[in-house]
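Shown next, in structure tokens, is the structure this report addresses.
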Amino acid sequence: MELLPNSRTEPDGSALVRVLSYNIRSMRDDPQALARVITACAPDLVLIQEAPRFFRWRKKLARLARAANLVILTGGASAAGPAILCDLRATVERTEDVLLPLTPGQHRRGFATAVVRFGGVRVGVLSCHLSLQKDERYDQGGMLLDRLAGLGVDHAIAGGDLNERPGGRAFARIAHTLQDCWATAPWGAEHTWTRDAPHRRIDAIFATKGIEVLGCGVPLGHPGITDADLRAATDHLPVLAALRIPAN
């Protein structure tokens, strides 16, 4: 498999970043395998869903970040599950955890958001985990777009577990405005769920139109990633993207 390019700053000031989106199922499976998968992907940003939310959740998330040579940027229980990790290449301008309106009988949902800089490049970042209920999920897709637009940046990245395939209304609503990175530049494998025989793409990374997508997909066969670790880490497969963000 052809490898995605490594992170770097280009001569024209643009930033090449690697972004990983991953539902980690509250770290209830094998945290060592999870850390090995994340580390092998060498991401600058990790958009997490189902981060630990209960007893000592910060300590658990910090332990994962440390094992993967990353730091916690924002999120966790304060965003109802979504979180963002980053490497030390990223300079943080601001963060905000957003709780979405609660629908009776449904889980509380939220967004973990941030604005970061890579050299002279500013980019907004959002991690999400949308509802299992289709009408609420569609509304949350609109809230995601509104939140990105309100970050006040030229370029933005969103990723997460959409609980929906590309043909769904919420997925299509987001992809109408943003680039669906897999559809733009497919790389690796497509399907992210289920555990035994992945046959659905319900996890995705999106980027605003000015960002160049160099490749995006599930890193099957990537150096340092084994099938055993992918199966042991969680019930979703990760999505990895290499993106070139223009200088501001």
Side-chain angles (χ1 to χ4, degrees), residues 2-22 35 37-48 61-62 64-76 79 82-98 111-128 144-145 147-160 177-182 184-185 187-188 204-217 219 222-224 238-248:
E2 182 180 354
L3 299 182
L4 293 178
N6 293 325
S7 304
R8 60 180 181 267
T9 300
E10 304 281 26
D12 64 358
S14 62
L16 199 157
V17 300
R18 292 165 69 110
V19 181
L20 186 71
S21 183
Y22 209 175
V37 171
I38 294 173
T39 302
C41 290
D44 299 289
L45 296 165
V46 183
L47 313 182
I48 282 177
L61 191 58
L64 174 63
R66 184 169 58 250
N69 300 311
L70 301 167
V71 296
I72 299 173
L73 180 51
T74 193
I84 305 173
L85 309 181
C86 67
D87 62 9
L88 296 180
R89 183 180 176 221
T91 300
V92 182
E93 286 195 5
R94 65 181 188 272
T95 65
E96 183 179 8
D97 296 332
V98 180
F111 299 147
T113 74
V115 175
V116 301
R117 286 187 287 112
F118 294 95
V121 171
R122 297 176 71 237
V123 62
V125 188
L126 184 151
S127 177
C128 69
L144 182 154
L145 295 173
R147 180 60 55 174
L148 285 186
L151 290 177
V153 294
D154 294 332
H155 309 294
I157 301 162
T177 300
L178 306 175
Q179 298 181 83
D180 172 3
C181 293
W182 159 262
T184 301
W187 169 88
I205 295 175
F206 299 91
T208 49
K209 297 271 170 55
I211 293 175
E212 182 183 359
V213 183
L214 303 177
C216 177
H222 190 280
V239 181
L240 178 63
L243 308 173
R244 181 179 286 114
I245 308 170
N248 296 93

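The figures here come from the full heavy-atom set of this structure, side chains too, leaving out hydrogens, waters and symmetry mates.
Without hydrogens or angle criteria, W187 side chain to E2 main chain gives a donor-acceptor distance under 3.5 Å. Side-chain N or O atoms of T208 include one that pairs as donor or acceptor with a backbone N or O of A156 at under 3.5 Å. Proximity of a side-chain donor or acceptor of T74 to a complementary backbone N or O of I84 within less than 3.5 Å is not detected.
Taken from CG in L240 to SG in C41, the straight-line distance is 5.0 Å, to the nearest 0.5 Å. Taking CG from L64 and OH from Y22, the interatomic distance works out to 10.0 Å, rounded to the nearest 0.5 Å. Atoms CG and CG, from L243 and L16 in turn, are 8.0 Å apart once rounded to the nearest 0.5 Å. A distance of 13.0 Å separates CZ of R147 from SG of C128, quoted to the nearest 0.5 Å. The CG atom of L47 sits 7.5 Å away from atom CG of L20, with the distance rounded to the nearest 0.5 Å. The structure places CD of E96 at 10.5 Å from CG of L126, a figure rounded to the nearest 0.5 Å.
By the 4.5 Å heavy-atom criterion applied to side chains, F111 and D97 are not counted as neighbours. Side-chain contact between T39 and N69: present, with at least one pair of heavy atoms (C-beta onward) separated by less than 4.5 Å. Residues L61 and I48 form a side-chain contact, since some pair of their non-hydrogen atoms from C-beta on lies under 4.5 Å apart. Considering only heavy atoms from C-beta on, F206 stays 4.5 Å or farther from L145 through its side chain. The side-chain heavy atoms of C86 and V71, taken from C-beta on, include a pair separated by under 4.5 Å. Side-chain atoms of R94 and L151, non-hydrogen and from C-beta on, do get closer than 4.5 Å to each other. Looking only at side-chain heavy atoms (C-beta outward), V115 and R122 come within less than 4.5 Å of each other. Looking only at side-chain heavy atoms (C-beta outward), L214 and L4 stay at 4.5 Å or farther from each other.
A pairwise comparison of heavy atoms in P223 and A40 identifies O-CB, 3.7 Å as the closest pair. Taking each heavy atom of K209 and L178 in turn, the nearest pair found is CE-C, 4.3 Å. The two atoms that bring A42 and S7 nearest to each other are O-OG, 4.4 Å, heavy atoms only. The minimum heavy-atom distance between A15 and F118, with the atom names listed, is CB-CB, 3.8 Å. Residue S21 comes nearest to A204 through the heavy atom pair OG-O, 4.1 Å, listed as atom of the first residue, atom of the second, then distance. Residues Q179 and T184 approach most closely at OE1-CG2, 3.5 Å, considering heavy atoms.
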Please evaluate residues I157 and I205 with respect to the criterion side-chain contact (heavy atoms from CB on, under 4.5 Å), reporting the C-alpha separation (whole Å), side-chain torsions for both, the decisive distance (0.1 Å), and the verdict. CA-CA 7 Å; I157 301 162; I205 295 175; 4.0 Å; yes

What do the steps show when you test W182 against V239 for side-chain contact (heavy atoms from CB on, under 4.5 Å), and what is the final call? CA-CA 9 Å; W182 159 262; V239 181; over 6 Å; no

Residues T177, L148; criterion side-chain contact (heavy atoms from CB on, under 4.5 Å); working and verdict: CA-CA 11 Å; T177 300; L148 285 186; over 6 Å; no

Go through the steps for V19 and V125 under the test side-chain contact (heavy atoms from CB on, under 4.5 Å), then give the verdict. CA-CA 10 Å; V19 181; V125 188; over 6 Å; no

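Identified under the salt bridge (Lys or Arg N to Asp or Glu O under 4.0 Å) test for residues 12-22, with sequence neighbours left out: none.
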